K.L.:
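I'd like to ask you about the structure that follows.
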Amino acid sequence: MHRFWISAFLLGLLLAAHATLAEQNPAVLKVDGDVEFTHDPSIAKDGNTWYVFSTNNGAERKGELPIRCSHDLHQWKRCGYVFPRMPEWIQKESPGTKELWAPDVSYFNGEFHLYYAFSLFGKNTSGIALVTNKTLDPASPDFRWVDRGLVLRSRAEDDFNAIDPNLVMDERGNAWLSFGSFWSGIKMRRIDPKTGLLSSEDSKLYSLAARKKPEKVPPPKPGLPGDWQAIEAPFVVRHEGFYYLLVSFDLCCRGTKSNYKTMVGRSRNVTGPYVDANGTPMIDGGGTLLLAGNQRWIGPGGASLLQQKDGDLIVYHAYDGKTGEPWLQISTLSWEQGWPDAAVAVEASEHK
């Protein structure tokens with residue numbers, strides 16, 4: 001009997017050690033199907049299905065904000081679009097907008113909320129808007145996207161850019177929307193959880209992160225911000241007493257010349273200040289590296305997280321080292337000494 005309990009105890013230690021090792025070693029998930037041309041992915045689960053929303057990319061453009069579905073996180077297929085076409089009010093507000101960008105899906109107040117952006121590439125005359133749905137299952141009788149309209153705008157005279165939205169709930173149930181690209185960096189506004197729109201109780205524009213200007217920089221291209229200002233795609237997640245801010249540094253959308261990388265900092269408060277692992281404030285250019293590209297998969301960025309009981313996931317896009325096209329990437333996310341860790345594939349076979 002004693003030998004049995006000793007063996008069971010040793011087996012428990014072995015399994016615990018294995019679990020700890022697994023937590024410390026994030027793994028790339030193999031994905032297949034309709035995973036090419038996925039940019040700025042955001043993931044949610046409803047029932048037994050995972051859904052990924054993204055910016056439209058590639059030759060197939062039958063709507064705006066494509067949706068991909070999977071029952072196992074490995075095999076993916078396109079399963080519709082949020083909009084069959086550009087909403088008319090956006091065409092009037094921003095007639096130069098050609099497509100909708102960077103959707104962010106979250107669930108609160110009994111509905112799924114999908115924030116998204118409209119803009120002109122390289123300009124800060126942008127806007128963030130909202131649609132809601134009671135379910136993500138297109139077979140449900142409750143499935144219907146409801147256009148909630150404009151949430152906030154940025155104009156040419158502003159020092160920020162209202163794109164790349166992300167919604168997070170704080171520990172008191174308050175809702176916050178982070179956003180931003182280039183200019184003076186990542187911003188945040190409080191959201192009314194009942195409406196999903198801006199809060200009337202707190203109208204402050206919070207600054208979360210920005211790039212630090214180098215001593216010598218080349219002049220920017222006419223009408224565009226400098227490349228040194230390249231920070232965008234914020235995502236805030238709460239984990240064990242900290243808020244973690246993920247951002248993308250450097251340049252996307254340039255095929256094999258893209259040099260995106262994903263950085264992270266943390267704070268005890270949702271509105272900051274966020275600092276990296278060395279203690280450098282993110283508002284002063286700080287950031288700890290989370291995802292870096294390689295020769296096979298270039299420029300990993302546009303990251304979003306999904307917290308699950310059986311393990312957290314991070315989804316992001318990276319560019320094929322041969323074609324320059326964006327592909328969906330998924331990795332398990334581990335936490336070590338208070339900081340997240342994730343993996344980037346090194347071979348094409350890791351995706352199929």
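Small disclaimer: the values here were computed from a predicted structure and weren't measured.
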K.L.:
Cation-pi check for Phe242 against Arg268: NZ or CZ below 6.0 Å from the six-membered ring centre and within 45 degrees of the axis, yes or no?
P.N.:
yes
K.L.:
Who are the disulfide (SG to SG under 2.5 Å) partners of Cys252, not counting sequence neighbours?
P.N.:
none
K.L.:
Between the side chain of Asn166 and the main-chain N/O of Val236, is any donor-acceptor distance below 3.5 Å?
P.N.:
yes
K.L.:
Under 4.5 Å between side-chain heavy atoms, hopping through other hydrophobics if needed: is there a path connecting Leu290 to Ile43?
P.N.:
yes
K.L.:
If every non-hydrogen atom of Ala44 is compared with every non-hydrogen atom of Phe112, which pair is closest and at what distance?
P.N.:
CB-CE2, 4.4 Å
K.L.:
Decide yes or no for Leu65 and Phe53: does some side-chain heavy atom of the first lie under 4.5 Å from some side-chain heavy atom of the second?
P.N.:
no
K.L.:
Go through the structure and list residues passing side chain to side chain donor-acceptor pair (under 3.5 Å) with Lys261, not counting sequence neighbours.
P.N.:
Asp250
K.L.:
Checking Thr280 side chain against Gly286 main chain: does a donor-acceptor pair fall under 3.5 Å?
P.N.:
no
K.L.:
Distance-only, no hydrogens or angles: does the Arg68 side chain make a donor-acceptor pair with backbone N or O of Val52 under 3.5 Å?
P.N.:
no
K.L.:
With hydrophobic residues grouped by side-chain heavy-atom distances under 4.5 Å, do Phe182 and Ile163 end up in a single group?
P.N.:
no
K.L.:
Do Tyr116 and Val131 touch side chain to side chain, with heavy atoms closer than 4.5 Å?
P.N.:
yes
K.L.:
Check the angle between the aromatic planes of Trp335 and His239 and answer parallel, tilted or perpendicular using the 30° and 60° thresholds.
P.N.:
parallel
K.L.:
With distance as the sole criterion, is a donor-acceptor pair present between the side chains of Trp101 and Asp40 under 3.5 Å?
P.N.:
no
K.L.:
At their closest point, which heavy atom of Pro234 faces which heavy atom of Val247, and how far apart are they?
P.N.:
CA-CG1, 4.2 Å
K.L.:
Are the side chain of Asn109 and the backbone N or O of Pro193 linked by a donor-acceptor pair below 3.5 Å?
P.N.:
yes
K.L.:
Quick one: do Trp89 and Phe118 satisfy ring pair (Phe, Tyr, Trp, His ring centres under 6.0 Å)? Show the steps, please.
P.N.:
CA-CA 11 Å; Trp89 71 266; Phe118 61 89; 5.8 Å; yes
K.L.:
Any donor and acceptor pair, going by atom type alone, linking the side chain of Asn57 with main-chain N or O of Phe37 inside 3.5 Å?
P.N.:
no
K.L.:
Specify the closest pair of heavy atoms between Pro340 and Leu333, including all atoms of both residues, with the distance to one decimal.
P.N.:
CB-CD1, 4.0 Å
K.L.:
Let me see the working for Tyr51 and Asp137 under side chain to side chain contact (heavy atoms under 4.5 Å, CB included), right down to the final yes or no.
P.N.:
CA-CA 9 Å; Tyr51 298 85; Asp137 181 4; 4.0 Å; yes
K.L.:
Give, for atom CZ of Arg254 and atom CG of Asn259, the distance between the pair rounded to the nearest 0.5 Å.
P.N.:
8.0 Å
K.L.:
Look at atom CZ of Arg144 and say whether more than 12 heavy atoms of other residues, nucleotides or ligands are closer to it than 6.0 Å.
P.N.:
no
K.L.:
Are any side-chain N or O atoms of Ser267 and backbone N or O atoms of Pro273, one a donor and one an acceptor, separated by less than 3.5 Å?
P.N.:
yes
K.L.:
Hey, what do you get for CG (Asp147) to CZ (Phe83), rounding to the nearest 0.5 Å?
P.N.:
5.0 Å
K.L.:
Between CG of Asn124 and CD of Glu157, what distance do you get to the nearest 0.5 Å?
P.N.:
8.5 Å
K.L.:
Got a sec, which residues hit salt bridge (Lys or Arg N to Asp or Glu O under 4.0 Å) with Glu111, two or more places apart in sequence or on another chain?
P.N.:
Arg148
K.L.:
Do Val82 and Pro103 come close enough that some side-chain heavy atom pair is under 4.5 Å?
P.N.:
no
K.L.:
Between Ala27 and Thr332, what is the shortest heavy-atom contact and its length?
P.N.:
N-OG1, 2.7 Å
K.L.:
What class does the angle between the rings of His317 and Tyr319 fall in, given that below 30° is parallel, 30 to 60° is tilted and above 60° is perpendicular?
P.N.:
perpendicular
K.L.:
Donor-acceptor pair, distance only, cut-off 3.5 Å: does the side chain of Thr288 make one with the backbone of Asn278?
P.N.:
no
K.L.:
Going from CD on Gln295 to CD1 on Ile298, what distance comes out if it is rounded to the nearest 0.5 angstrom?
P.N.:
8.5 Å
K.L.:
Counting C-beta onward and ignoring hydrogens, is there a side-chain heavy-atom pair between Asn56 and Tyr81 closer than 4.5 Å?
P.N.:
yes
K.L.:
Using the ring of Phe179 (Phe, Tyr or Trp, six-membered ring only), decide whether Arg189 places NZ or CZ under 6.0 Å from its centre and within 45 degrees of its axis.
P.N.:
no
K.L.:
I'd like to check Met282 versus Leu208 (side-chain heavy atoms, cut-off strictly below 4.5 Å). Are they in contact?
P.N.:
no
K.L.:
Could you pull out the closest heavy-atom pair between Gly338 and Arg266, with the gap in Å?
P.N.:
O-NH1, 3.0 Å
K.L.:
State whether Arg296 and Asp320 are salt-bridged, where the test is any N-O pair (Lys NZ or Arg NE/NH1/NH2 against Asp/Glu carboxylate O) under 4.0 Å.
P.N.:
yes
K.L.:
Nearest 0.5 Å, please: how far is SG in Cys69 from NZ in Lys77?
P.N.:
7.0 Å
K.L.:
Side chain of Asp158, backbone of Phe160: donor and acceptor closer than 3.5 Å?
P.N.:
no
K.L.:
Begin from the C-alpha positions of Phe235 and Tyr316 and carry the test ring pair (Phe, Tyr, Trp, His ring centres under 6.0 Å) through to its verdict.
P.N.:
CA-CA 11 Å; Phe235 190 95; Tyr316 57 97; over 10 Å; no
K.L.:
Check whether Leu291 and Leu305 end up in the same hydrophobic cluster, where Ile, Leu, Val, Met, Phe, Trp and Tyr are linked by side-chain heavy atoms less than 4.5 Å apart.
P.N.:
yes
K.L.:
Tell me, do Val344 and Val28 make a side-chain contact under 4.5 Å, heavy atoms counted?
P.N.:
no
K.L.:
Using the rule that Ile, Leu, Val, Met, Phe, Trp and Tyr join whenever any side-chain heavy atoms are under 4.5 Å apart, tell me whether Trp327 and Val315 fall into a single cluster.
P.N.:
yes
K.L.:
Return the set of residues passing side chain to side chain donor-acceptor pair (under 3.5 Å) with Arg238 (not counting sequence neighbours), or none when no residue passes.
P.N.:
none
K.L.:
For residues Trp50 and Leu328: do they belong to one hydrophobic cluster (side chain heavy atoms under 4.5 Å, members Ile, Leu, Val, Met, Phe, Trp, Tyr)?
P.N.:
yes
K.L.:
Side chains of Ile191 and Tyr115: closer than 4.5 Å at any heavy-atom pair?
P.N.:
yes
K.L.:
Hydrogens and angles aside, do Ser304 and Asp104 bring a side-chain donor and acceptor to less than 3.5 Å of each other?
P.N.:
no
K.L.:
With distance as the sole test, does Asn269 use its side chain to make a donor-acceptor pair with the main-chain N or O of Thr271 at under 3.5 Å?
P.N.:
no
K.L.:
Please identify each residue that fulfils side chain to side chain donor-acceptor pair (under 3.5 Å) with Asp72, with sequence neighbours left out.
P.N.:
Ser70
K.L.:
What I'd like to find out is whether the side chain of Leu152 reaches to under 4.5 Å of the side chain of Leu177, using heavy atoms alone.
P.N.:
yes
K.L.:
Does a sphere of radius 6.0 Å around CD in Glu201 hold more than 12 heavy atoms from other residues, nucleotides or ligands, not counting ones at 6.0 Å or beyond?
P.N.:
no
K.L.:
If I compare all heavy atoms of Leu136 with all of Asp46, which pair ends up nearest, and what's the gap?
P.N.:
N-OD2, 2.8 Å
K.L.:
Counting N and O atoms only, with roles assigned by atom type, does the side chain of Thr135 sit under 3.5 Å from a partner on the main chain of Phe143, one being a donor and the other an acceptor?
P.N.:
no
K.L.:
How long is the gap from NE2 on His113 to OG1 on Thr195, to the nearest 0.5 Å?
P.N.:
8.0 Å
K.L.:
Between Ser126 and Asn161, do the side chains contain an N or O donor and an N or O acceptor separated by less than 3.5 Å?
P.N.:
yes
K.L.:
By side chain to side chain donor-acceptor pair (under 3.5 Å), which residues pair with Glu171, not counting sequence neighbours?
P.N.:
Tyr243
